[in-house]
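This report concerns only the one structure given below.
On a predicted model such as this, the values are computed, not experimentally measured, just so you know. Residue numbering restarts at 1 for every chain, and letters A, B, ... go by the order of the sequence lines.
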Amino acid sequence: MAMPKFYLTTPIYYVNDVPHIGHAYTTILADVIKRYKQLRGFQVMFLTGTDEHGQKIERSASKQGLGPKQLADSMVKRFKELWQTLNIDYDQFIRTTDEEHVRGVQKIFAKVREKGDIYLGEYAGHYCISCENFIPDSAEETTDGKRTCPDCGRATANRVKEKCYFFRLSAYGGKLLKFYEENPDFVTPRSRMNEVVSFVKMGLRDLSVTRSTVKWGVPVPGDPQQTIYVWFDALANYITAIDYLNESERFASLWPADLHIMAKDILKYHAVYWPAFLLAAGLPLPKKELIHGWWLKDEKKMSKSSGNVLDPHILLKHFSADAIRYFLMREASIGADGNFSHEGFINRVNTDLTNDWANLVSRTTGMIEKYFANSFRDTARYTVKEDEIRDRYVELEKAVLDNFDQYQFNRGLESIFEYVNSLNRYIVEVQPWNLAKEKENEPRLAAVLKTLARAILSVNTLLSPILPDTAAKVRGIFNAPDPGLGWKDLPETSAIQPGMQLFPRVDGKVFFAEGDAFPAKEGAAPPATTPLPQGIGAGDEGLIEIQDFKKVQMVVARVLAAEKVEKADKLLQLKIDTGSDTRTLVAGIALFYKPEDLVGRKIIIVKNLKPAKLRGILSQGMILAASDAGNRPYIPILPDDTPVGAILK
RNA sequence: GGCGGCGUAGCUCAGUCGGUAGAGCAGACGGCUCAUAUCCGUUAUGUCGGGGGUUCAAUUCCCUCCGCCGCUACCA
């Protein structure tokens, strides 16, 4: 019988960023799943790779005096090196600059266009280079005639009016909803599935899928002025990697993918856009998408700006790949954000891996060495205790496979370590060192040690997807090459090769003394406590420093004009004079204030609030108003002689 | 504002299809010596977020409030 296939993917990583712990987590998760599926008898195809197109890459490359491909090459090298260090056994590494990928993207694009679901349209408005996104023209302008991107707050490029191709996403809402309904487990965990459904239920708008301003990318077939937009390009990797171009036997046997793995921030692209693209191209949809959370650093989101991004290389200076893999799989449950702290990391690894697991192996082999000179004969004086060890292993295996099948590695590992602890308890109960004192107890001693060896080897298999290096070492120690599941047997006479340290203890003091836990502050002493959120100290009831207050620029402004926002009951659009400029803001006060109540009045606004788009209108600032329990606003109106632009402090 | 989730021991979390709760870590005490100062045992603390309701009985069901998180919006 042929082995069933299992095609699994990570996202392709954007080469604008060096590999960090988030990339590592997704990829380790995929690798663990691969190894687990192999254990269950699947023929696995594991795909990862890099996303290399887009204006951002073009720009950061030229900043460094490189071509975009050169930049990508150097980043690819770093990703591949890290994957090797972390023992990632991927089968294929795709790059969006690969020839087969480029041609494959063009093929699916052309196919959908022929079908009529990609059409040529026109876009007029602004463009945010950073987000590579169009900014609606309704956005009010900044001082120099540009717009502020509502997503990132950066100024846009100059106004553009360009042709581009649109994907008829609006036509797929119903089909997607039907698919979700028939496949409620398409997105795991369920809460993410619900988010997707509600997003689609609110209605989908057609999606622009090309850019004429971007040159570094896949050209539209027959229209080389246009470049296929990054997401259409990137998502297609899952099919181009397996020869969608020729729709060969390989493609037929692997597609649809069994599992796409990703972090929660790119859920929408994978669970809405990607299935829609595939439906349009007449291809089957992937079977499942597994969404994981983010790793927070000391409760805070990691970001380049806060300088707390965790570099896996620093951990690798002190810890083995297996230790890192174990921690990530043990500490986070799929779906929830995990919290990374160095204290927690050291603690978990030392406790579980060094004290419990490695020490169990070490004391068992130590006794075999000491009492039997490394080789003992099974003289079979077993008791009910040994039967229990075996029976409980059988139960454990069943439970763990159940957890792992649902990708709940944290749960499975928890049960495994309960069992490991019970083996340590067993040793204390039977006291082998006392048995060793009487020659007549030797058969009994042999039975105990052999049972331990069998239990260790059996558990070792369950751990092997997470700890591949260690698992191989343990098999080597007991001369037991078989990596399969089930209660392991050993030959009647077995020899071991002791003396191997599986997990050296890492001393927290040494680790912190080297400053590696805090790469952002090279050489600085670690803070005694967890850093507090900026500006707010614990126990001082949310008091702020005067510097914090000064961050908020409040000024007196005069209302020049006011009107109701169309199709919005609660919104008024105001044109105001802030003393230094004229700007638009939108306020949710229409139920209580009429436009004519406000025109000419002096009010207080927050001037430096990040602009936001409300009902398509960019609101640059905020009116200060009191608000009662029913959220009724009360706007302070200043005396008529208050100077416009006066600062409140 | 809407939808969803969460709030349980100092920390991380499990659990109860309703009968006043648990595991690991950290702490305290004790035991063993095969083992990487490891292992094993005993052990403290919880108004199970607040309030109300249903019930003989609620931490578990219902309502409401507070706080946090996610998605989203006519919050800004």
Quiz item: Which sits closer to the 5' end of RNA chain B, A:Lys437 or A:Phe199, going by the nucleotide each is nearest to?
Solution: A:Lys437
Quiz item: Of A:Leu502 and A:Gln431, whose closest RNA chain B nucleotide lies nearer the 5' terminus?
Solution: A:Gln431
Salt bridge or not for [X] and [Y], using N-O below 4.0 Å?
X	Y	answer
A:Asp577	A:Arg583	no
A:Glu195	A:Arg192	yes
A:Glu442	A:Lys439	yes

Atom-to-atom span, [atom1] of [X] to [atom2] of [N] - whole angstrom:
X	N	atom1	atom2	answer
A:Asn410	B:G24	CG	C1'	13 Å
A:Glu195	B:A73	CD	C1'	14 Å
A:Leu360	B:U33	CG	C1'	16 Å
A:Ile456	B:A35	CD1	C1'	11 Å
A:Leu413	B:A14	CG	C1'	16 Å
A:Leu435	B:C34	CG	C1'	11 Å
A:Arg348	B:C11	CZ	C1'	12 Å
A:Glu414	B:G22	CD	C1'	11 Å

Looking across every strand, which nucleic acid part, if any, lies under 4.0 Å from [X] by heavy atom: base, sugar-phosphate, or nothing?
X	value
A:Met367	base
A:Phe503	base
A:Leu267	nothing
A:Ala436	nothing
A:Val196	nothing

Of the candidate nucleotides [options], which contains the atom at the shortest distance from the side chain of [X]?
X	options	answer
A:Lys370	B:G15, B:A35, B:U72	B:A35
A:Trp433	B:G70, B:U72, B:C34	B:C34
A:Asn347	B:A14, B:C25, B:G70	B:C25
A:Lys268	B:U72, B:A35, B:C34	B:U72
A:Leu571	B:U36, B:C74, B:U72	B:C74

At a cut-off of 3.5 Å, list every protein nitrogen or oxygen paired with a nitrogen or oxygen from nucleotides 37-42 of chain B, distance to 0.1 Å.
residue: B:U38; atom: OP1; partner: A:Arg505; partner atom: NE; Å: 3.4
residue: B:U38; atom: OP1; partner: A:Arg505; partner atom: NH1; Å: 3.3
residue: B:U38; atom: O5'; partner: A:Arg505; partner atom: NH2; Å: 3.3
residue: B:U38; atom: O2'; partner: A:Asn355; partner atom: O; Å: 3.4
residue: B:U38; atom: O2'; partner: A:Asn359; partner atom: OD1; Å: 3.3
residue: B:U38; atom: O2'; partner: A:Asn359; partner atom: ND2; Å: 2.3
residue: B:C39; atom: OP1; partner: A:Asp356; partner atom: OD1; Å: 3.2
residue: B:C39; atom: O2'; partner: A:Arg363; partner atom: NH1; Å: 3.1
residue: B:G41; atom: OP1; partner: A:Arg425; partner atom: NE; Å: 3.1

Quiz item: Do A:Ile416 and A:Trp357 have side chains that get closer than 4.5 Å, going by heavy atoms?
Solution: no
Exercise. May I ask you to test the A:Phe199-A:Val196 pair for a side-chain heavy-atom distance under 4.5 Å?
Key: no
Euclidean distance for [atom1], [N] against [M] (whole angstrom):
N	M	atom1	result
B:U16	B:C75	C1'	39 Å
B:C17	B:C61	P	10 Å
B:G19	B:U54	C1'	16 Å

Quiz item: According to a 3.5 Å limit on both distances, what stems of 3 or more consecutive Watson-Crick or G-U pairs are formed with RNA chain B?
Solution: B:1-7 with B:66-72, B:10-13 with B:22-25, B:27-31 with B:39-43, B:49-53 with B:61-65
Quiz item: Which word best sums up how the rings of A:Tyr269 and A:Tyr273 line up, parallel for under 30°, tilted for 30 to 60°, or perpendicular for over 60°?
Solution: perpendicular
Please confirm whether the backbone N or O of [Y] pairs with a side-chain atom of [X], one donor and one acceptor, at under 3.5 Å?
X	Y	answer
A:Ser362	A:Asn359	no
A:Thr354	A:Phe503	yes
A:Tyr180	A:Asn194	no

Quiz item: If you draw a 6.0 Å radius around CD1 in A:Ile647, do more than 12 non-hydrogen atoms from other residues or ligands fall strictly inside?
Solution: no
Quiz item: Less than 6.0 Å separating the ring centroids of A:Phe345 and A:Phe319?
Solution: yes
